[in-house]
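Please read the structure below before turning to the comments.
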Amino acid sequence: MDVSHLLDSLNPPQREAVSAAPGHTLVLAGAGSGKTRVLTHRIAWLVEVEHVPVWAILSVTFTNKAAGEMRGRLDRLLSGRTQGLNVGTFHGIAHRLLRRHWREAQISENFQILDADDQRRLVKRVMQGLNVDEARYSPRQAVWSINAWKDEGKRPDSIETRDHPSLAVFVEIYRAYEGACHRGGLLDFAELLLRSHELWLHDPALLAHYRERWSYLLVDEFQDTNTLQYAWLRLLAGQHGQVFAVGDDDQAIYGWRGARVENIQHFLRDFPNVRSVRLEQNYRSSGTILKAANALIARNCDRLGKNLWTTDGAGQRIAVYTAYNEQDEARFVIERIREHLDTGGQANDIAILYRSNAQSRTFEEQLVQQRLAYRVYGGQRFFERAEIKDALAYLRLAANRHDDAAFERAVNTPPRGIGDRTLDIVRRQARDNNSSLWDSANQASTDLSLGGRARNALHSFAKLIEQLAGEGTRLGLAEQIEQVLACSQLREHYQRDRRGNAESRLENLDELLNVASRFEPTAEDLDAGLSELSAFLAHATLEAGEAQGGEGSDCVQLMTLHSAKGLEFQQVFLVGLEDGLFPSQKSIDEDGRLEEERRLAYVGITRARSHLTICHAESRRLHGSVMMTRPSRFLTEIPAELLDEVRPRVQRTRPLWSHAARPARLRDTGNESGLQLGQPVRHPSFGDGVVVSAEGTGKHTRVQVRFENAGSKWLVLAFAKLTLL
DNA sequence: CGCCGCAGGCTTTTT
DNA sequence: GCCTGCGGCG
């Protein structure tokens, strides 16, 4: 068998991974080392050389984008022989599994998926039903706890609360929320995974079937798996399944949402005879950029250890610019971009990467001013827009009357005289009878606990939904949505909306019709028994779509470091490298969180192909007040000989501000209190520190002091016993 | 019902 | 500083 077309384009370690003998394989793939290539070629190898039937292969990714990319590459590599090959996200695969086995999983046949927003609302409702004091127990935290528990595979009964009474409140919320989800046929994202895991656990025959069926498992971004996903994979693999895991512990940046890098080590421990392969040759960045990345990441402990190298030359040094403030930083970056464009460069080559979304604003303002095309990643996605969710809520309700989340949304949007008073009665009744809002509303519209007007309103709402459900079954998806928009008067509602965005809302609704008319359920959807409507609704929630269009157009890209993972750009501007921003203050304050920030910096640096520019500002407006900043510790961790200071760094020893450059608000505070930003001070209990920010006047003056050993504190000047040093 | 004003929060994001 | 959500009022 001639396998040259699968191996020729690969380097020796890549080849080793792709052609690995049967068994488990761990590929530690450094940034830019061709991991997707290895994954796709491995699948092709299994199919063409090992003669594994495509349906026996399950390839799991985290994002739809990654899954789509993989599918596209495989189509080319296998020249279209990918019928029946399973490539998908953890959630997508779990979803299909549950659609097919809803009975065994003990869930409603036409269950709906809750997105983060639906989940938040529902948890809040549940908390109100339980009379939980929202000031003491925030809905935010409740949602977070529930998701964290689910990600750990825990149900309310298996959570130990004896030592933590306050935890018990959250467990009760979790329990009540589970009840509400069950009644409404609703599954949140984590539930998809947890349910399918439990489905296998409780149904050995079914598990055996899937173990038999999917005996070749491939996992991308293995460092991002959480406890539940790992358990899911391990269960599915069993004794005979072969796992091919690809990951990079140095690019693990999602620990804060439950990802466990340790799963890489667990894989080596839990699975027998894992062959591991390191991919360290980098095909993306210049030698200098790789040196910087290597030096930085070498400061982390507990690494599996990798050192990126390239056959390319050193290339340019990394430019470092010290700006006055965030305005100056943006001005500098945009000037550089102008230069690049003026010398014939493409805007597409350029990315501005930052730690937090709030930073994009300054850049956007100046890009607009300079009339440069740009695109900001992140933000609201298409199917998460209020008007879209409003329209879909009617369809959801038509498909499943007991969907309380959809009911809450649709019942009074547009306003039809079903106010909070009425709804509260409906909600209480639903709670008392353990029924859905729909049933409760229908009951309320006949009994006399409500006024006539409210009864009528509820009654006509119910009629509307029945009508949509009745006529809808004969219509195509787009017609069905059109019918919703017309009959519910949603369209008029948005037309009347004169808060300035009526136009874009209507455009979005039109786009919804477009999307719906183009939509076709996949073979897998149909296979799992989904109707066109259910498939569309699931698609809307599981693949909420791009946040912004303009994908193909030539523009500068702005995004957070997190969203930049997996991408590469000719020229990267890494901005806001200041302690407190990047690394973020929270990760400095809390123990053991710095390494993840450092990995984030590593991800940022390794996005650049040839030009990397790092910026930091000496002062920055953050949460409303101006802060003095220090260059990020990560900047000092890059060897100086790799850096090129664009402007000599201002001496950190006084004067920090020339009189003219000092912002007015700061000057005021400075004059009155005799304190200057940067002033070293001593506090009787916190020790020595430096004034980094100030606000207020007279006896209300508060200063922020960054103490050497006690972190940052806001102190009221009149009371704090500060000594000037 | 809908508008307005105030308080509180505030890193990162996918599914 | 900006956004969200809530409560009060017309």
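Chain letters run A, B, ... following the sequence lines, proteins first and then strands; every chain starts at 1.
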### Summary
To the nearest angstrom, the CZ-P distance between A/R421 and C/dG7 comes to 16 Å
### Task
Start with the C-alpha gap between A/R630 and A/E578, add the side-chain angles, then the distance that decides, and say whether salt bridge (charged side-chain N to carboxylate O under 4.0 Å, His left out) holds.
CA-CA 6 Å; A/R630 272 198 303 213; A/E578 296 137 33; over 6 Å; no
### Query
Does A/S563 place a side-chain N or O at less than 4.0 Å from the phosphate oxygens OP1/OP2 of B/dT13?
yes
### Message
Between A/Q327 and A/E329, does the side-chain hydrogen bond (donor to acceptor under 3.5 Å, both in side chains) criterion hold? Intermediate values first, please.
### Response
CA-CA 5 Å; A/Q327 298 289 330; A/E329 178 185 55; over 6 Å; no
### Message
Between A/R381 and B/dT15, is there a contact of a side-chain N or O with OP1 or OP2 at under 4.0 Å?
### Response
yes
### Query
Do A/Y254 and A/H562 have ring centroids that are under 6.0 Å from one another?
yes
### Query
Tell me: CG of A/D151 to P of B/dT13, nearest whole Å?
17 Å
### Message
Run the side-chain hydrogen bond (donor to acceptor under 3.5 Å, both in side chains) test on A/Y177 and A/D188 for me, step by step, so that the C-alpha distance in whole Å, both residues' side-chain angles and the decisive distance to 0.1 Å come before the verdict.
### Response
CA-CA 11 Å; A/Y177 168 73; A/D188 60 43; 2.7 Å; yes
### Query
Toward the 5' end of DNA chain B, which comes first, A/W256 or A/G419, by nearest nucleotide?
A/G419
### Query
So does A/N147 get a side-chain nitrogen or oxygen closer than 4.0 Å to the phosphate oxygens (OP1/OP2) of B/dT14?
no
### Task
Figure out the CD/C1' separation between A/E543 and B/dT13, and round it to whole Å.
16 Å
#### Entry: Residue mapping more 5' on DNA chain B - nearest nucleotide basis, A/A544 or A/R416
A/R416
### Query
Please give, in whole Å, the distance from C/dG7 C1' to A/E134 CD?
14 Å
#### Entry: Between P of B/dT13 and CH2 of A/W144, the distance in whole Å
17 Å
### Task
Ignoring backbone atoms, test whether A/R621 places a side-chain nitrogen or oxygen under 4.0 Å from the OP1 or OP2 oxygen of C/dG1.
yes
### P-based separation of B/dT13 from C/dT4 [nearest Å]
16 Å
### Query
Stepwise, does the salt bridge (charged side-chain N to carboxylate O under 4.0 Å, His left out) test hold for A/E178 with A/R155?
CA-CA 9 Å; A/E178 267 195 331; A/R155 292 299 188 186; 2.8 Å; yes
### Query
What is the nucleic acid contact for A/E597, judged by heavy atoms within less than 4.0 Å: base, sugar-phosphate only, or nothing?
base
### Query
Nearest-Å distance, CG (A/L581) to P (B/dT12)?
10 Å
#### Entry: A/L622 CG to B/dT12 P, straight-line distance once rounded to whole Å
11 Å
### Summary
From the candidates B/dG2, C/dC3, C/dG5, the one with an atom nearest any side-chain atom of A/R361 is C/dC3
### Query
Using a cut-off of less than 4.0 Å, is there contact between a side-chain N or O of A/R140 and OP1 or OP2 of B/dC10?
yes
### Query
A/T560 side chain N/O closer than 4.0 Å to the phosphate oxygens (OP1, OP2) of B/dT13?
yes
### Message
Base, sugar-phosphate or nothing for A/T89? Non-hydrogen atoms, less than 4.0 Å.
### Response
sugar-phosphate
### Query
Under 4.0 Å between a side-chain N/O of A/R120 and OP1 or OP2 of C/dG5, yes or no?
yes
### Query
Does A/F407 have its ring centroid less than 6.0 Å away from the ring centroid of A/F461?
yes
### Task
Return the value, rounded to whole Å, for the distance between atom CD of A/Q380 and atom P of B/dT13.
14 Å
### Task
Mind checking A/N412 for me? I need base, sugar-phosphate or nothing, with any heavy atom below 4.0 Å counting as a touch.
sugar-phosphate
### Task
Give a yes/no on whether any side-chain N or O of A/N64 is located under 4.0 angstrom from OP1 or OP2 of B/dT14.
no
### Query
Which nucleotide in the set B/dT15, B/dT12, C/dG5 lies at the smallest distance from any side-chain heavy atom of A/L542?
B/dT15
